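Heads up: the structure comes next, in structure tokens.
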Amino acid sequence: MTLTCEQLLQKHPQAWQQATVHPFLQQCHSGIIQTRQFNTWLVQDYLFVLELTRLFARGLANAPPAHFDVLLGGLSAIKEELNWFQTKATERQLELNAERQLTCQAYCEYMYSIAEMPYPVQATAIWAIEFAYNQAWQLPGAMPEPYAEFANRWGSPEFTEYVKDLEREADEALQAASEATRHQAESAFLKIASLEKDFWQMAFEEGRGEKGRGDALTQGKK
Ligand code: MP5
């Protein structure tokens with residue numbers, strides 16, 4: 001039995017839909033997301049990307065040389081992205097030196113655990129993480145500022161091409177993988193879909209708490 005990224009998407013449409021379609025994104029699209037919700041997402045996503053950097057490095061350590069180019073390109077984009085997050089946080093007067101919320105912590109711990117898994121699982125996970133944002137930020141349609149800048153970052157044609165490269169490499173790795181490894185890759189795909197859904201929900205729920213609590217969180221004083 002073969003396994004490809006496309007097959008994973010076809011086999012689990014509901015899990016993927018929940019990972020990429022969320023009221024948080026719809027409310028960015030309609031411009032009514034609350035600043036507190038958006039800022040929570042921004043700070044927590046920065047903390048997430050710090051750990052994602054490590055997952056890329058671990059994937060690179062296991063990758064065949066033919067896959068270095070795409071992964072190094074991804075790492076260099078992440079470096080630029082971390083600086084961009086810092087600029088966005090400064091503009092919004094946010095403290096990035098914050099604690100991870102539980103959902104972010106769970107996602108980071110899961111990414112850390114992928115370090116122990118075979119390369120085809122790592123390649124599938126990296127593709128799924130990048131494809132999730134590539135779709136999530138595009139699906140609602142054109143966003144108003146200030147959200148357009150965020151939507152364009154992950155929805156641009158260049159980013160879409162990069163995600164296709166990751167898919168091609170994950171497919172290649174899966175083709176040579178054992179049945180057990182393919183099984184692990186499928187579980188990783190489902191776990192990531194579920195964590196993506198939780199991550200949107202974490203930020204979305206921020207607007208529902210009492211004012212004081214939410215303000216403290218976005219300032220990173222939790
Ligand atoms: C990405 C992200 C995409 N920033 N946050 C989550 C929760 N999932 C996926 O990663 P990158 O490095 O920003 O493209």
Side-chain angles (χ1 to χ4, degrees), residues 12 14-56 78 81-82 84-114 125-140 143 146-151 153-155 187-222:
H12 305 290
Q14 202 190 343
W16 197 249
Q17 153 108 1
Q18 288 177 349
T20 53
V21 177
H22 193 279
F24 180 95
L25 293 152
Q26 273 140 17
Q27 294 195 4
C28 289
H29 172 62
S30 53
I32 61 166
I33 194 81
Q34 289 175 29
T35 304
R36 196 183 329 157
Q37 291 168 301
F38 195 79
N39 287 350
T40 297
W41 166 78
L42 196 149
V43 171
Q44 294 295 316
D45 208 52
Y46 170 77
L47 300 175
F48 167 88
V49 175
L50 286 180
E51 194 58 39
L52 178 60
T53 312
R54 297 196 172 99
L55 175 59
F56 264 79
I78 286 179
E81 182 170 286
L82 289 171
W84 174 80
F85 267 113
Q86 280 160 9
T87 307
K88 295 296 119 190
T90 306
E91 282 170 15
R92 290 170 171 264
Q93 296 175 309
L94 297 171
E95 179 56 70
L96 285 176
N97 187 20
E99 270 185 47
R100 290 174 185 162
Q101 291 198 23
L102 288 179
T103 301
C104 180
Q105 176 68 15
Y107 206 158
C108 289
E109 280 171 13
Y110 182 66
M111 284 195 286
Y112 188 78
S113 76
I114 299 176
I126 288 172
W127 160 74
I129 289 169
E130 296 290 39
F131 189 48
Y133 261 38
N134 180 233
Q135 287 220 303
W137 284 101
Q138 272 187 83
L139 286 175
M143 293 202 185
Y147 311 113
E149 182 183 352
F150 293 81
R153 165 164 286 274
W154 288 286
S187 304
F189 172 81
L190 286 172
K191 179 78 181 165
I192 285 163
S194 164
L195 287 163
E196 286 289 331
K197 167 178 65 81
D198 294 349
F199 207 91
W200 294 123
Q201 189 60 23
M202 167 194 70
F204 192 64
E205 275 173 6
E206 199 58 35
R208 295 181 181 169
E210 328 92 64
K211 193 170 180 305
R213 182 178 165 270
D215 285 347
L217 281 174
T218 52
Q219 301 296 323
K221 290 178 188 147
K222 191 183 153 206

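All values reported here derive from a predicted model rather than from experimental measurement. Quick note: numbers below take in every heavy atom, side chains included, and nothing from hydrogens, waters or symmetry partners.
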**Prompt:** Say you draw a straight line from CG of Asn39 to NZ of Lys88; how long is it, rounded to the nearest 0.5 Å?
**Reply:** 12.0 Å
**Item:** Closest non-hydrogen atom pair between Ala15 and Leu190, with its separation
**Value:** CB-CD2, 3.9 Å
**Request:** Check the side chains of Trp16 and Glu196 for a donor-acceptor pair under 3.5 angstrom, ignoring hydrogens and angles.
**Result:** no
**Message:** I need the minimum non-hydrogen distance between Leu50 and Leu82, along with the two atoms involved.
**Reply:** CD2-CD2, 3.8 Å
**Request:** Could you go through the side chain to side chain contact (heavy atoms under 4.5 Å, CB included) check for Glu149 and Trp84 one step at a time?
**Result:** CA-CA 11 Å; Glu149 182 183 352; Trp84 174 80; 2.8 Å; yes
**Asked** Do Tyr46 and Gln86 meet the criterion of a side-chain donor-acceptor pair at a distance under 3.5 Å?
**Response** yes
**Request:** Give the intermediate values and the outcome of side chain to side chain donor-acceptor pair (under 3.5 Å) for residues Gln37 and Trp200.
**Result:** CA-CA 10 Å; Gln37 291 168 301; Trp200 294 123; over 6 Å; no
**Request:** Could you label the plane-to-plane angle of the Trp137 and Trp154 rings as parallel, tilted or perpendicular, counting under 30° as parallel and over 60° as perpendicular?
**Result:** parallel
**Request:** Classify the angle between the aromatic ring planes of Trp41 and Phe150 as parallel (below 30°), tilted (30 to 60°) or perpendicular (above 60°).
**Result:** perpendicular
**Asked** Any idea which heavy atoms bring Gln44 and Gln101 closest together, and the distance?
**Response** OE1-N, 2.8 Å
**Side-chain heavy atoms of Tyr112 within contact of Cys108, under 4.5 Å** = no
**Message:** Show, in sequence, the C-alpha distance, side-chain angles and deciding distance for Arg92 and Phe38, and conclude whether the side chain to side chain contact (heavy atoms under 4.5 Å, CB included) test is met.
**Reply:** CA-CA 10 Å; Arg92 290 170 171 264; Phe38 195 79; 3.6 Å; yes
**Prompt:** Can you check whether Tyr107 reaches Arg100 side chain to side chain, under 4.5 Å on heavy atoms?
**Reply:** no
**Message:** One pair to check against side chain to side chain contact (heavy atoms under 4.5 Å, CB included): Ile33 and Gln26. What are the steps and the verdict?
**Reply:** CA-CA 8 Å; Ile33 194 81; Gln26 273 140 17; over 6 Å; no
**Request:** I would like to know whether Gln105 and Glu109 meet side chain to side chain donor-acceptor pair (under 3.5 Å); could you show each step before the answer?
**Result:** CA-CA 6 Å; Gln105 176 68 15; Glu109 280 171 13; 2.7 Å; yes
**Fill in**
Nearest heavy-atom contact between Asn134 and Gly155 is ND2-CA, 4.1 Å
**Asked** Taking side chain as C-beta onward, heavy atoms only, is Val43 less than 4.5 Å from Phe85?
**Response** no
**Fill in**
Between Lys197 and His22 the two heavy atoms that sit nearest each other are O-CD2, 4.3 Å
**Asked** Is Ile129 close to Met111 at the side-chain level, that is, under 4.5 Å between some pair of heavy atoms?
**Response** yes
**Message:** Restricting to non-hydrogen atoms, name the atom on Phe24 and the atom on Ala203 that form the minimum distance, rounded to 0.1 Å.
**Reply:** CE1-CB, 3.7 Å
**Request:** Report yes if the distance between the aromatic ring centroids of Tyr147 and His29 is under 6.0 Å, otherwise no.
**Result:** no
**Prompt:** Should we say atom CD of Glu91 is surrounded by more than 12 heavy atoms from elsewhere, each under 6.0 Å from it?
**Reply:** yes
**Request:** May I ask you to check whether Gln201 and Glu205 show a side-chain donor-acceptor distance below 3.5 Å?
**Result:** yes
**Prompt:** Hey, what do you get for OG (Ser194) to OH (Tyr110), rounding to the nearest 0.5 Å?
**Reply:** 10.0 Å
**Prompt:** How far does CG of Leu55 sit from CD1 of Ile78, to the nearest 0.5 angstrom?
**Reply:** 8.5 Å
**Asked** How long is the span from the CD atom in Glu130 to the CD atom in Gln135, to the nearest 0.5 Å?
**Response** 13.0 Å
**Point-to-point distance, once rounded to the nearest 0.5 Å, from CG of Leu139 to OG1 of Thr20** = 5.5 Å
**Gap separating the CG atom of Leu25 from the CZ atom of Phe204, nearest 0.5 angstrom** = 10.0 Å
**Prompt:** Ignoring hydrogens and geometry, is there a side-chain-to-backbone donor-acceptor pair from Gln34 to Arg36 under 3.5 Å?
**Reply:** no
**Asked** What about Trp127 and Phe131, are their ring centers closer than 6.0 Å?
**Response** yes
**Message:** Less than 4.5 Å apart, side chain to side chain, heavy atoms only: is that true for Glu99 and Cys104?
**Reply:** no
**Message:** Run Tyr133 and Asp45 through side chain to side chain donor-acceptor pair (under 3.5 Å) and show every step you take.
**Reply:** CA-CA 11 Å; Tyr133 261 38; Asp45 208 52; 3.1 Å; yes
**Residues, nucleotides or ligands: over 12 heavy atoms within 6.0 Å of Arg54 CZ** = no
